[in-house]
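Start at 1 with the first residue, then count along the sequence.
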Amino acid sequence: MLRRTGRFVIAFAVCLSIGGHWLGLQSIAWATMVVNYSQHCSFTQAVAQTFDGDHPCHLCKQINKARDTEKKHDGRSSVGKSDLFCTTVRGVCLPPFIPFEYPGLITLSMCDAIPPPSPPPRGLRA
């Protein structure tokens, strides 16, 4: 449940950061305009009047005004172009390579050199 909620919050934040809220508000405004215009004329004429740009509603005007002021504020806040790449070069000091000799593996010939214990171990059964 927490993972699903986290994904939803991240998706919502991304939508807001790229301007998805303006698309949502504009969609509501367009739907309202189609409904209002279709009460006075045919549906095709209502859709044409909605998207021709010559008949904006009050909500469309407010959305355009708010979007323009947001763009102006974004332009003023950025002083310079941000550099996303680090241009400084850092030297990395690695310790010197020292070869390590691993001990040899126990071979079968070494196992033959070790005699079994005498007398052989007995189980717990008597």
Validation row: His21, Cys15 side chains within 4.5 angstrom (heavy atoms): no
When rounded to the nearest 0.5 angstrom, what is the spacing between CD in Gln49 and CG in Asp54?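 Separation between the atoms: 9.5 Å.
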What distance do Lys65 atom NZ and Cys60 atom SG have between them, rounded to the nearest 0.5 Å? 14.5 Å
Set of residues satisfying side chain to side chain contact (heavy atoms under 4.5 Å, CB included) with respect to Leu25, sequence neighbours excluded: Trp22, Ile63
Considering all heavy atoms of both residues, which atom of [X] and which atom of [Y] are nearest to each other, and what is their separation?
| X | Y | result |
| --- | --- | --- |
| Ser17 | Val14 | OG-O, 2.8 Å |
| Met33 | Pro56 | CE-CA, 4.3 Å |
| Leu59 | Ala29 | CD2-CB, 3.6 Å |

Quick test of your reading: applying ring-ring contact (aromatic ring centres under 6.0 Å, His included), list the pairs with at least one residue in residues 27-70, sequence neighbours left out, ordered by first then second residue. Trp30-Phe51
I'd like to check the side-chain hydrogen bond (donor to acceptor under 3.5 Å, both in side chains) partners of Thr44; sequence neighbours left out, ordered by chain and number.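 Scan of Thr44 (side-chain hydrogen bond (donor to acceptor under 3.5 Å, both in side chains), adjacent residues dropped) gives Ser42.
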